[in-house]
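The chain is numbered in sequence order, starting from 1. Bear in mind that the values here come from a model prediction, so they are computed numbers and not experimental data.
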Amino acid sequence: MHMVTGDQNVFITPAFEDYSYILFDLCDAMNLKVSEGCNIYPMNGSIGKNAIATIEDGNRVIVYDRELSPLVGYPGAMMIIGHELGHHFCHHISDGRGSQPDKELAADRFAGSAMRKAGFKLDDALAMLSVLDERPSKSHPARADRAVSITDGWNHPETGKECRP
């Protein structure tokens, strides 16, 4: 399958079982059923050591670049996929409301909550911070702000589904 990201056409393939299981484990941790928002296709693609939540051909998709895994380890991969799951759960892809940095923080809080509910330590939830920018951009908050949201979701897992920054 091909998808357009920015100005390039990227070839994506169904994710290997390990990444599919990560997504399913996170859905279970957040008590999400397929009919309640976990009808998402995990895919792999070379997208610049990144991950994205998107909709392709009417299907909800998470694309994860496997080159991230050596940088963040298994817990970091789980956190990144949880973050993208948070974007889908909070309907960030289809709605135009709210600022992009606020959506990133809400997805971080969701993922921090999912990691706690899946039995991971806070350090595991923070494992993906090393690949994030230290400074904020128009679309993403600074690394320190994201660490606060992840920690807040982990410390207060009942707030993960609130979709607030």
Checklist entry - From Leu132 CG over to Asp145 CG, what is the distance, rounded to the nearest 0.5 angstrom? => result 11.5 Å
Checklist entry - Between His88 and Ile93, is any pair of side-chain heavy atoms under 4.5 Å apart? => result yes
Item to check | Within-4.5 Å side-chain heavy-atom neighbours: Ser69 and Tyr19 | outcome: yes
Item to check | Leu129 CG to Met79 CE distance, which is reported to the nearest 0.5 Å | outcome: 7.5 Å
Item to check | Within one Ile-Leu-Val-Met-Phe-Trp-Tyr cluster: Val72 and Ile150, side-chain cutoff 4.5 Å | outcome: yes
Checklist outcome for this item: Heavy-atom nearest pair, Ala77 first then Ile22, reads CB-CD1, 4.3 Å
Checklist entry - Short question: side chain of Asp57, backbone of Asn59 - any donor-acceptor pair under 3.5 Å? => result no
Checklist outcome for this item: Gly82 and Ala111 have their tightest heavy-atom pair at C-CB, 3.5 Å
Item to check | Atom OH of Tyr74: over 12 foreign heavy atoms under 6.0 Å | outcome: yes
Checklist entry - Within a reach of under 6.0 Å around CD of Glu158, are more than 12 heavy atoms found that belong to other residues, nucleotides or ligands? => result yes
Checklist entry - Asp124 side chain to Lys121 main-chain N or O, any donor-acceptor pair under 3.5 Å? => result yes
Checklist entry - Should Asp133 and His140 be marked as a side chain to side chain donor-acceptor pair (under 3.5 Å) after you check the CA-CA gap, both sets of side-chain angles, and the distance that decides it? => result CA-CA 8 Å; Asp133 287 331; His140 288 75; over 6 Å; no
Item to check | Shortest non-hydrogen contact between Lys161 and Asn31, atoms and distance | outcome: NZ-O, 4.0 Å
Next on the checklist: Testing the basics here: between Ala107 and Gly86, what is the closest heavy-atom pair and its distance to 0.1 Å?
Outcome noted: CB-C, 4.3 Å
Next on the checklist: Is there a side-chain contact (heavy atoms from CB on, under 4.5 Å) between Leu126 and Thr151? Walk through the geometry before answering.
Outcome noted: CA-CA 8 Å; Leu126 297 171; Thr151 302; 3.9 Å; yes
Checklist entry - Are Glu104 and His92 close enough, and set up right, to give a side chain to side chain donor-acceptor pair (under 3.5 Å), and what steps lead you there? => result CA-CA 9 Å; Glu104 295 300 322; His92 292 159; over 6 Å; no
Item to check | Main-chain N/O of Ser139 paired with Lys103 side-chain donor or acceptor, under 3.5 Å | outcome: no
Checklist entry - Mind checking whether Ile55 and Val61 have side chains closer than 4.5 Å, heavy atoms only? => result no
Item to check | Check: Asp65 side chain, Ile47 main-chain N or O, donor-acceptor pair, under 3.5 Å | outcome: yes
Checklist outcome for this item: CZ of Arg66 to CZ of Phe16, rounded to nearest 0.5 Å, is 5.0 Å
Checklist entry - Between Arg164 and Thr159, is a side-chain contact (heavy atoms from CB on, under 4.5 Å) present by the stated rule, with each step listed? => result CA-CA 9 Å; Arg164 62 175 174 80; Thr159 67; 3.8 Å; yes
Next on the checklist: So does Ser149 get a backbone contact from the side chain of Asp108, meaning a donor-acceptor N/O pair under 3.5 Å?
Outcome noted: no
Next on the checklist: Using side-chain heavy atoms (C-beta onward) and a distance below 4.5 Å, is Ile80 in contact with Leu68?
Outcome noted: yes
Checklist entry - Shared ILVMFWY cluster between Val148 and Val131, side chains joined below 4.5 angstrom? => result no
Checklist entry - Which atoms form the tightest heavy-atom contact between Ser46 and Glu67, and what is the distance? => result OG-OE2, 4.2 Å
Checklist entry - Quick check: does any side chain N or O of Glu84 sit under 3.5 Å from a backbone N or O of Ala53, one acting as donor and the other as acceptor? => result yes
Item to check | Minimum side-chain heavy-atom gap Met43-Pro14 below 4.5 Å | outcome: yes
Checklist outcome for this item: Output for pair (Met78 CE, Leu23 CG), nearest 0.5 Å, gives 9.5 Å
Next on the checklist: Show the nearest heavy-atom pair for residues Cys163 and Ala106, with the distance to one decimal.
Outcome noted: C-CB, 3.9 Å
Item to check | Trp154 side-chain N/O to Phe120 backbone N/O, donor-acceptor pair under 3.5 Å | outcome: yes
Checklist entry - Does any N or O in the side chain of Arg109 come within less than 3.5 Å of the main-chain N or O of Gly153, such that one atom is a donor and the other an acceptor? => result no
Checklist entry - Rounded to the nearest 0.5 Å, how far does CE of Met128 lie from CD1 of Ile81? => result 11.0 Å
Item to check | hydrophobic_cluster_shared for Leu105 and Met30, side chain cutoff 4.5 Å | outcome: no
Checklist entry - So how far is it from Phe110 CZ to Leu85 CG, rounded to the nearest 0.5 Å? => result 4.0 Å
